[in-house]
Amino acid sequence: MPEDDKSQRGPIQRRREISDLVLTEGSASAADLAERFGVSPMTIYRDIDELEREGVLRKFRGGVTAQPSGVFESNVAYRKNAMRAEKEALAAKAVTLIEPGMSVMIDDSTTTLELARLLPRIEPLTVVTNFLEALNLLAEERGIHLMALGGDYDPLHDSFLGVPCVEAVEALRVDVCFVSTSSVFGDYAFHQEQRIVAVKRAMLKAAGRNVLMIDHSKLTRTALHRLAPLTAFDLVLIDDRTPPEAVKALDESGVRYELAPT
């Protein structure tokens, strides 16, 4: 678009383009955005305020970011591209725990999405999830009995949440549940959002065996809400780029864990 046409974008289109840009690059300053989109700093700050209100991005001093914080989980579009090699390694390790004929529940994390990509090789399976992308991924697989957990659709997570989702989970009993979370601190797993915590807790109670899949970046973050003690998981999978001090902490906690080679 020519330089003098940039400011003619409508606010909805401009905010969508700002979101795409920040989700791709991770963060941007307000000054750079104003220059790039040919609008005033005041207009950009209004855009940033609206994007933060919608939960798409979060503000920081002088700009906006897609990266997580203790109270903000990144948009699913950003999370899908973060730590991709580590997530693939965790998925390759997790899939060895599944046998044909099992019932498997996966949450709405982008880590378990990598596991979902591998499930067709183990058919027949029953797969239960609230993650729309995983549902779409597996919908055409004839060897997979797919069960969708309904509820309120949340576009930022591309998943179904809320009381209806929790109640749907509580009506089931599966062989194994695979979940990820935003943060591990001490002997507990944490997440930024209560509504996500409620669904994940229900999933853990609905499974005969629970597996936590976390890449090493989550061992250096904080999050607001305590999800569950690590002892609630039968196995914790971490990638082999996990710092030695974090591995030592797991050794001292007595939690069973395995390293996934990247």
query: For Ser253, which residues count as a side-chain hydrogen bond (donor to acceptor under 3.5 Å, both in side chains) partner, sequence neighbours excluded?
result: none

message: Assess, by modelled atom type and distance only, whether the side chains of Asp108 and His157 contain a donor and an acceptor separated by less than 3.5 Å.
response: no

Ser109 side chain to Thr112 backbone, donor-acceptor under 3.5 Å: yes

message: Applying salt bridge (charged side-chain N to carboxylate O under 4.0 Å, His left out) as the test, list every pair that has at least one member in residues 84-95; sequence neighbours left out.
response: Arg84-Glu88, Arg84-Glu114, Glu86-Arg241, Lys93-Glu258

message: Filter on side-chain hydrogen bond (donor to acceptor under 3.5 Å, both in side chains), then keep only pairs touching residues 130-143, sequence neighbours left out; what's left?
response: Lys80-Glu133

Remaining members of the apolar cluster that contains Tyr188, side-chain heavy atoms under 4.5 Å: Phe185, Phe190

Arg256 side chain vs Val236 backbone, donor-acceptor pair below 3.5 Å: no

query: How about Asp154 and Ser159: does a side-chain donor come under 3.5 Å of a side-chain acceptor?
result: no

query: Would a 4.5 Å heavy-atom cut-off, applied to side chains only, mark Arg209 and Met102 as touching?
result: no

Side-chain donor-acceptor pairs of residues 169-179 under 3.5 Å, sequence neighbours excluded:
residue : atom : partner : partner atom : Å
Arg173  : NH1  : Lys205  : O            : 3.0
Arg173  : NH1  : Ala207  : O            : 3.4
Asp175  : OD2  : Ser103  : N            : 2.8
Asp175  : OD2  : Ser103  : OG           : 3.2

field: Whether Lys59 side chain and Ile48 backbone form a donor-acceptor pair below 3.5 Å
entry: no

message: Under a 3.5 Å distance rule, please check whether Thr242 uses its side chain to pair with a backbone N or O of His216 as donor and acceptor.
response: no

message: Could you check whether any side-chain N or O of Asp215 sits under 3.5 Å from a backbone N or O of Met83, counting only pairs where one atom can act as donor and the other as acceptor?
response: no

message: Would you compute the distance between atom CG of Leu33 and atom CD of Glu17 and round it to the nearest 0.5 angstrom?
response: 11.5 Å

query: What residues form a side-chain hydrogen bond (donor to acceptor under 3.5 Å, both in side chains) with Tyr45, not counting sequence neighbours?
result: none

